[in-house]
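Okay, structure first, notes after.
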Amino acid sequence: MRHIPNLKDLTAAELESILAKAAEIKANTQDFKYLLQGESLAMIFQKTSTRTRVSFEVAMTELGGHGIYIDWDTSNFVLSGIEYETEYLSRNVSCIMARLLHHSDLIKIIAGSQVPVINGCCERFHPCQALTDVLTMSEYRDISSTHLVYVGVQNNVSNSLSILCDKLGLKLTLATPEVSDDDESSDSDVQKIINSSSWVSHTTDPTDAVQSADFVYTDTWIDMQYFNDPAHEKEKQAKLEQMMPYQINKELLKGLSCKIMHDMPIHDGYEITPDMVCDPRAIIFQQAENRLHAQKGLLWWVYQQAGHFS
Ligand code: CP
């Protein structure tokens, strides 16, 4: 049984097959409306979400199955061991998707599960987002001749993009401040990729990096659970001050023809200015829509691996 805690264990061919199937299902939605008939996906949320929840739930509906939203705080995950609750779940559903605060808890869910588990975003990885992003770029260009410049903070999204771009041979430049090993999103395998991959590199200079970009991508500077937390206000202000040179704005992208990407939710005036969200170069909403299509490709692969169809 194959789980998706990150994208590290998948081969380039497997990743390409997920992306190709996502594009195929997007173009021929009606042909797949019974693919997951009778199947149920448990969707566990410890953190807030708009796109991950909606895209997985709609994907299950459009593939003939059913997505069950489970709010962590009103479930008995808060009262019992993660493994026990997960083992129960996996006897009633055929797949689990979990958005958790800590990757270590996702590993516990995988340990307790008799069915495949998909990471719906934790502090270290966001594999579903990275698949969506490459699917989106592939709608414009051959990814083997694409340069993606990620401007902002190194986090779960940039980690998953680094893993995926390294495997697929897509040139990625991370234009971010230096990171420390004790950052909560830090991952030693990702650091090795950044240090040694011929496809992934790092710079602290966003202005220089975007000059040759086909796509410029940004994400929130502050993890979602801290953004509106009063206890995090001091760290938030320090982070915002440090990050302003990395803002996607008119000046940074002046004269460039690159597409503008953002995985959403958008924090207007922080990582991106409102005019850049509406700019003709922006493909942010197409990217967000593609969460649905990428999810379908991933669900197809996971269920196929679990022997539900050939
Ligand atoms: N990009 C993303 O994961 O969106 P949500 O947090 O709304 O699910």
Side-chain angles (χ1 to χ4, degrees), residues 124 126 129-130 133-134 136-137 140-141 143-223 235-264 266-277 279-284 287:
R124 282 165 59 190
H126 199 349
Q129 185 63 53
D133 301 334
V134 174
T136 305
M137 288 184 278
Y140 290 92
R141 293 180 62 89
I143 60 165
S144 65
S145 61
T146 291
H147 184 199
L148 168 63
V149 177
Y150 174 96
V151 181
V153 291
Q154 288 187 39
N155 61 10
N156 45 13
V157 171
S158 69
N159 284 350
S160 289
L161 282 170
S162 297
I163 294 166
L164 188 54
C165 291
D166 178 54
K167 282 181 184 278
L168 295 179
L170 194 162
K171 185 178 175 192
L172 168 65
T173 302
L174 303 172
T176 75
E178 298 291 353
V179 287
S180 62
D181 291 343
D182 58 3
D183 188 277
E184 71 170 4
S185 68
S186 179
D187 181 80
S188 58
D189 291 330
V190 170
Q191 204 47 54
K192 271 187 216 144
I193 290 171
I194 296 169
N195 292 340
S196 61
S197 168
S198 50
W199 295 104
V200 182
S201 60
H202 173 248
T203 176
T204 54
D205 184 348
T207 307
D208 183 50
V210 297
Q211 298 310 311
S212 59
D214 299 305
F215 299 89
V216 170
Y217 188 133
T218 191
D219 183 22
T220 183
W221 293 336
I222 296 164
D223 203 354
E235 289 91 333
K236 179 178 162 184
Q237 287 312 322
K239 176 72 95 174
L240 296 181
E241 210 162 295
Q242 176 199 27
M243 291 307 301
M244 282 320 277
Y246 294 86
Q247 185 186 63
I248 302 297
N249 56 34
K250 205 187 294 185
E251 196 182 340
L252 184 72
L253 301 188
K254 194 173 175 183
L256 302 178
S257 59
C258 57
K259 303 287 184 203
I260 302 167
M261 301 178 74
H262 189 308
D263 58 332
M264 304 182 79
I266 291 161
H267 304 86
D268 261 346
Y270 294 97
E271 71 272 7
I272 190 167
T273 52
D275 55 338
M276 292 294 100
V277 176
D279 191 275
R281 293 169 291 181
I283 56 168
I284 294 169
Q287 179 186 5

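- Evaluation of the side chain to side chain contact (heavy atoms under 4.5 Å, CB included) rule for Glu178 yields His202, Thr204 as partners, not counting sequence neighbours.
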TODO: Just do the side-chain contact (heavy atoms from CB on, under 4.5 Å) check on Ser144 and Leu170 with the steps written out, would you?
DONE: CA-CA 6 Å; Ser144 65; Leu170 194 162; over 6 Å; no
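- Of the possible donor and acceptor atoms, one in the side chain of Asn155 sits under 3.5 Å from a partner among the backbone N and O of Ser158.
- Applying the salt bridge (charged side-chain N to carboxylate O under 4.0 Å, His left out) criterion to Asp214, with sequence neighbours excluded, gives Arg141.
- Considering every non-hydrogen atom in both Val277 and Ile284, the closest pair reads CA-CD1, 4.1 Å.
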TODO: Verify side-chain contact (heavy atoms from CB on, under 4.5 Å) between Val134 and Thr136, making sure each step is shown before the conclusion.
DONE: CA-CA 5 Å; Val134 174; Thr136 305; over 6 Å; no
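- For residues 268-277, the pairs satisfying side chain to side chain donor-acceptor pair (under 3.5 Å) are His262-Glu271, His267-Glu271, Thr273-Asp275, with sequence neighbours left out.
- Nearest heavy atoms, Ala175 versus Pro206: CB-CA, 3.9 Å.
- Side-chain contact between Ile272 and Ile260 is present, with heavy atoms from C-beta onward closer than 4.5 Å.
- A tilted orientation is assigned to the rings of Tyr217 and Tyr150, their planes being inclined by 30° to 60°.
- Applying the side-chain hydrogen bond (donor to acceptor under 3.5 Å, both in side chains) criterion to Asn159, with sequence neighbours excluded, gives no partner residue.
- Although no hydrogens or angles enter the test, the distance criterion places no donor-acceptor pair under 3.5 Å between the side chain of Ser186 and the main chain of Asp182.
- Closest approach of Leu256 to Leu252, counting heavy atoms only: CD1-O, 3.9 Å.
- At distances below 3.5 Å, not a single donor-acceptor pair connects side-chain atoms of Asp183 with backbone N or O atoms of Val179.
- Atom NZ of Lys254 is separated from atom OG1 of Thr207 by 12.5 Å, given to the nearest 0.5 angstrom.
- Atom CE of Met137 sits about 9.5 Å away from atom CG of Leu168, to the nearest 0.5 Å.
- Panel note: side chain His147, backbone Lys171; no donor-acceptor pair is recorded below 3.5 Å.
- In this structure, CD1 on Ile248 lies 12.0 Å from CE on Met261, to the nearest 0.5 angstrom.
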- [ ] Begin with the C-alpha distance, continue with both residues' side-chain angles, and end with the deciding distance and a verdict on side-chain hydrogen bond (donor to acceptor under 3.5 Å, both in side chains) for Gln287 and Asp133.
- [x] CA-CA 6 Å; Gln287 179 186 5; Asp133 301 334; 2.9 Å; yes
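- Summarising the geometry of Ser162 relative to Val200, their closest heavy-atom pair is O-CG2, 3.7 Å, with the distance given to 0.1 Å.
- Atoms OG and CD, from Ser180 and Gln154 in turn, are 10.0 Å apart once rounded to the nearest 0.5 Å.
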- [ ] Might you work through the side-chain contact (heavy atoms from CB on, under 4.5 Å) test for Thr203 and Leu174, ending with a clear yes or no?
- [x] CA-CA 6 Å; Thr203 176; Leu174 303 172; over 6 Å; no
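- Across every non-hydrogen atom of Ala209 and Thr173, the tightest pair is CB-CG2, 4.1 Å.
- Under a 3.5 Å cut-off, the side chain of Thr176 and the backbone N or O of Val153 do not form any donor-acceptor pair.
- Atom CD1 of Ile193 and atom CG of Asp166 lie 4.5 Å apart (nearest 0.5 Å).
- For the salt bridge (charged side-chain N to carboxylate O under 4.0 Å, His left out) test, residues two or more places apart in sequence or in another chain that qualify with Asp279 are Arg281.
- Within the structure, every pair that satisfies the side chain to side chain donor-acceptor pair (under 3.5 Å) test and touches residues 238-253, not counting sequence neighbours, is listed here: Gln247-Asn249.
- Taking OG1 from Thr146 and NZ from Lys259, the interatomic distance works out to 12.0 Å, rounded to the nearest 0.5 Å.
- Formation of a donor-acceptor pair under 3.5 Å by the Ser185 side chain with backbone atoms of Asn156 is not found in this model.
- Panel note: side chain Ser160, backbone Val157; no donor-acceptor pair is recorded below 3.5 Å.
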